[in-house]
Amino acid sequence: MSAAELQSALLAAGLPAEVEGRARLALVQASDAAASRAIAARRADVMALAIAHGFSHVALEVRPVRERQPALRRDAALPGD
């Protein structure tokens with residue numbers, strides 16, 4: 001199993017992401033929201049690549065696209081405005 005090789009294979013397939021190996025689990029962290037959607041849409045391809053690199057499971061970690069600001073720093077009178 002090689003997380004680095006899986007990461008390279010994903011990049012070659014047009015799916016930029018970081019990969020962390022945890023036993024037989026490949027934890028995939030997409031580089032941005034568009035990559036996250038592409039990875040989710042091509043999950044069969046991602047799984048096939050993961051299996052080819054020795055993993056049995058894949059988890060896609062979803063991260064916020066932008067940092068959340070504390071409510072006190074916002075100018076809106078109500079949350080969400």
Side-chain angles (χ1 to χ4, degrees):
M1 283 176 279
S2 172
E5 289 178 12
L6 176 56
Q7 182 172 326
S8 295
L10 289 171
L11 184 59
L15 302 168
E18 293 180 23
V19 178
E20 181 182 333
R22 295 185 183 176
R24 297 198 36 112
L25 169 69
L27 179 60
V28 178
Q29 300 167 338
S31 62
D32 57 25
S36 182
R37 286 189 294 275
I39 290 168
R42 295 179 55 193
R43 65 180 179 243
D45 296 334
V46 172
M47 195 65 220
L49 287 171
I51 290 170
H53 288 88
F55 295 97
S56 61
H57 295 76
V58 174
L60 175 59
E61 182 175 304
V62 180
R63 296 185 270 185
V65 176
R66 60 185 166 97
E67 262 186 54
R68 301 188 121 225
Q69 295 178 347
L72 297 176
R73 291 190 192 172
R74 294 186 193 145
D75 294 332
L78 299 172
D81 284 349

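Sequential numbering from 1 along the given sequence is applied to the chain's residues.
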**OP:** For H53 and L6, work out which heavy atoms get closest and say how close.
**Re:** CD2-N, 3.9 Å
Subject >> Shortest non-hydrogen contact from G21 toward A3 >> reply: N-CB, 3.7 Å
Original post:
Would I51 end up clustered with F55 when hydrophobic side chains under 4.5 Å apart are linked, directly or stepwise?
Top reply: yes
Original post:
So, the side chain of Q7 versus the backbone of V19: is there a donor-acceptor pair under 3.5 Å, distance only?
Top reply: yes
Original post:
Got a second to check how far Q29's CD is from E61's CD, nearest 0.5 Å?
Top reply: 4.0 Å
Which side-chain N or O atoms in residues 39-50 pair as donor and acceptor under 3.5 Å with protein atoms at least two apart or in another chain?
{"residue": "R42", "atom": "NE", "partner": "D45", "partner atom": "OD2", "Å": "3.1"}
{"residue": "R42", "atom": "NH1", "partner": "A13", "partner atom": "O", "Å": "2.9"}

Original post:
Once you round to the nearest 0.5 Å, how far does CZ of R37 lie from CG of D32?
Top reply: 8.0 Å
**OP:** Looking only at non-hydrogen atoms, find the nearest pair between V28 and A17 and report the distance.
**Re:** CG1-CB, 3.7 Å
Original post:
Would L60 and L25 show up in the same hydrophobic cluster when neighbours are defined by side-chain heavy atoms closer than 4.5 Å?
Top reply: no
